[in-house]
Amino acid sequence: MLHPRARTMLLLAIPALIIGVASSLVLIVVMKVASVLQTMLWTALPANMGFSPDSPVWIITMLTLTGVAVGLVIRFSPGHAGPDPAQEPLIGAPVAPSALPGLIIALILGLAGGVSLGPEHPIMAVNIGLAVFLGARIFPRVGALDWTILASAGTIGALFGTPVAAALIFSQTLSSNNDVPLWDKLFAPLMAAAAGALTTSLFFHPHFSLSLPHYGQMQIADIFSGAVVVAIAIALGMVAVWCLPRLHRLMHKMKHPVLILGVGGFVLGILGAVGGTVTLFKGLDEMQQLAFSQVFSVSDYLLFALIKLAALVVASACGFRGGRIFPAVFIGVALGLMLHEHVDAVPAAITVSCSILGLVLVVTRDAWLSLFMAAVVVPDSTLFPLLCIVMLPAWLLLAGKPMLMAWRNDK
């Protein structure tokens with residue numbers, strides 16, 4: 001016979017599995033549609049029109065039209081395409097169902113059009129909104145907060161292809177007490193995360209890891225090197241933290257979303273023309289190009305990092321629907337490779353992983369997620385003790401500092 005605690009956990013097991021699978025399917029459909037549209041816009045269409053997709057004219061035109069299209073969706077869709085991601089954390093309040101179709105369309109257009117944002121925030125908002133709306137009607141005794149936790153866990157598992165990230169994130173958000181142990185609270189979210197991760201793996205495998213030279217035994221000097229790299233990454237990230245709310249307020253003085261996003265798309269196009277197509281899109285595939293290419297120099301990597309950071313700030317400030325984690329990882333990779341090329345005595349595994357750790361920490365202010373992203377992109381077990389150590393001064397540097405978000409009263 002099962003203990004009452006076990007029966008309580010099992011009650012949410014089936015809804016957790018369903019939500020995890022559904023969260024992954026929403027992500028898969030959105031990403032597949034965006035991928036097909038991206039191929040049409042950046043391969044088939046320029047070839048038919050006699051343009052090179054790498055030409056500045058095509059990049060500026062596509063980003064400008066993408067901004068106008070997203071602006072039209074936000075202006076005329078019910079619910080105005082959900083909340084502004086620049087003013088929201090990754091896991092936010094449920095969005096009204098009427099706003100979800102517009103939010104999905106705006107996300108697909110942005111992903112396909114080359115906007116430097118990832119899918120994580122809108123996908124999270126869509127899955128939470130659907131779970132809360134449908135769950136309240138099917139199981140009215142389960143609260144909205146429980147549906148929010150399950151949907152966000154399933155989405156995190158689907159995004160990263162593993163339930164580990166969800167376990168780390170919710171281990172610090174779901175507080176424990178003597179009556180309800182922490183793992184009792186984690187049981188259903190981990191079921192949802194595992195279901196989301198397994199469903200995603202049936203269709204595609206999120207490829208985060210980079211092929212970098214293996215890091216050997218940790219040395220004391222490596223700790224100091226890693227701490228310096230993290231400090232540089234944090235300093236670069238804090239520039240974006242300072243710029244985002246001010247640019248957000250400036251852009252939204254124009255009031256009309258089509259004008260705001262059209263101008264924003266034009267600026268993104270100029271940045272893309274300067275940095276090249278490797279600085280466009282969410283950055284997951286593009287960071288693989290950085291790691292595998294043998295032709296980029298220190299100045300190239302620095303240019304890519306600065307252009308991507310500027311594009312992230314502009315896209316967020318203008319109200320494009322997307323997340324900030326994936327672009328931050330790309331910036332960390334570019335910055336890390338630049339530092340390694342500049343001082344090749346410091347292994348690339350250290351510079352890249354510590355740069356990612358610092359930038360993701362600035363963006364999310366979540367130590368577990370930052371460690372996870374650094375360890376996933378540079379999957380070297382000998383690095384993990386070093387990352388845990390350099391996290392300590394990084395956390396001290398960011399204590400009390402604002403996050404990479406726009407102020408809520410700046411409109």
Side-chain angles (χ1 to χ4, degrees), residues 27 29-49 51-77 80-82 84-86 101-123 125-126 247 251 256-287 289 304 307-328 330-331:
L27 172 66
V29 170
V30 168
M31 297 303 292
K32 291 292 185 182
V33 173
S35 177
V36 171
L37 183 58
Q38 178 181 329
T39 301
M40 292 173 57
L41 296 178
W42 292 91
T43 303
L45 188 58
N48 291 335
M49 297 181 65
F51 283 95
S52 168
D54 298 326
S55 67
V57 172
W58 189 260
I59 294 174
I60 294 173
T61 301
M62 284 307 308
L63 267 299
T64 303
L65 293 178
T66 298
V68 172
V70 173
L72 289 170
V73 170
I74 293 175
R75 171 64 180 84
F76 294 106
S77 64
H80 302 293
D84 184 352
L103 180 57
I104 292 175
I105 295 172
L107 170 61
I108 290 173
L109 291 174
L111 290 174
V115 176
S116 293
L117 293 173
E120 59 272 19
H121 185 277
I123 289 293
V126 169
L247 184 59
M251 295 299 296
H256 201 287
V258 178
L259 181 60
I260 296 171
L261 287 155
V263 171
F266 177 73
V267 175
L268 290 177
I270 294 175
L271 291 171
V274 174
T277 53
V278 74
T279 61
L280 302 180
F281 307 103
K282 63 181 181 293
L284 185 58
D285 296 329
E286 289 71 25
M287 74 182 189
Q289 299 177 34
F304 296 152
I307 290 292
K308 192 71 171 182
L309 186 70
L312 169 60
V313 171
V314 171
S316 299
C318 295
F320 282 98
R321 277 18 184 188
R324 301 179 286 275
I325 297 176
F326 285 7
F330 174 94
I331 298 167

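For this chain, numbers begin at 1 and follow the sequence in order.
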Measure the spacing between OG1 of T277 and CG of D54 and express it to the nearest 0.5 Å. 4.5 Å
So F320 and V314, do their side chains get closer than 4.5 Å, heavy atoms only? no
Correct closest heavy-atom pair for E120 and R324 would be OE2-N, 3.1 Å
Taking M62's backbone N and O only, do any of them form a donor-acceptor pair with T66's side chain (distance below 3.5 Å, no angle check)? yes
Any chance you could lay out the side-chain contact (heavy atoms from CB on, under 4.5 Å) test for M49 and W58, step after step, and finish with the verdict? CA-CA 10 Å; M49 297 181 65; W58 189 260; 3.9 Å; yes
Shortest non-hydrogen contact from I74 to G319? CD1-O, 3.8 Å
W42-F281 aromatic ring centre distance below 6.0 Å: yes
Taking the side chain as every heavy atom from C-beta outward, state whether L72 and L261 have any atom pair closer than 4.5 Å. no
Minimal non-hydrogen separation, M31 against L111, with atom names: SD-CD1, 3.9 Å
Side-chain heavy-atom pair F326, P119 within 4.5 angstrom cut-off: yes
Rounded to the nearest 0.5 Å, how far apart are CD1 of I325 and CG of L284? 12.5 Å
To the nearest 0.5 Å, what is the distance between CZ (F266) and OG1 (T61)? 9.5 Å
If only atom types and distance count, is the side chain of T39 paired as donor or acceptor with the main-chain N or O of A44 below 3.5 Å? no
Gap separating the NE2 atom of H121 from the CG atom of L107, nearest 0.5 angstrom: 11.0 Å
Could you check if a side-chain atom of K282 sits within less than 4.5 angstrom of a side-chain atom of F330, using non-hydrogen atoms only? no
Taking every heavy atom of A311 against every heavy atom of S116, the minimum-distance pair comes out as CB-OG, 3.5 Å
Working for side-chain contact (heavy atoms from CB on, under 4.5 Å), residues I59 and I270: CA-CA 8 Å; I59 294 174; I270 294 175; over 6 Å; no
Over all atoms of both residues, closest heavy-atom pair of G276 and T279: O-OG1, 2.7 Å
In Å and rounded to the nearest 0.5 Å, what is the CD1 to CG distance from I307 to L268? 10.5 Å
So CD1 of I60 and CG of L271: to nearest 0.5 Å the spacing works out to 9.5 Å
Determine yes or no for a side-chain-to-main-chain donor-acceptor pair under 3.5 angstrom, with S55 supplying the side chain and S52 the backbone. yes
Least distance between heavy atoms, L280 atom then K308 atom: O-NZ, 3.3 Å
Hey, does S316 have a side-chain heavy atom less than 4.5 Å from the side chain of L117? yes
Does any N or O in the side chain of Q38 come within less than 3.5 Å of the main-chain N or O of S35, such that one atom is a donor and the other an acceptor? no
Look only at the side chain of R321 and the backbone of V70, and say whether a donor-acceptor pair between them is shorter than 3.5 Å. no
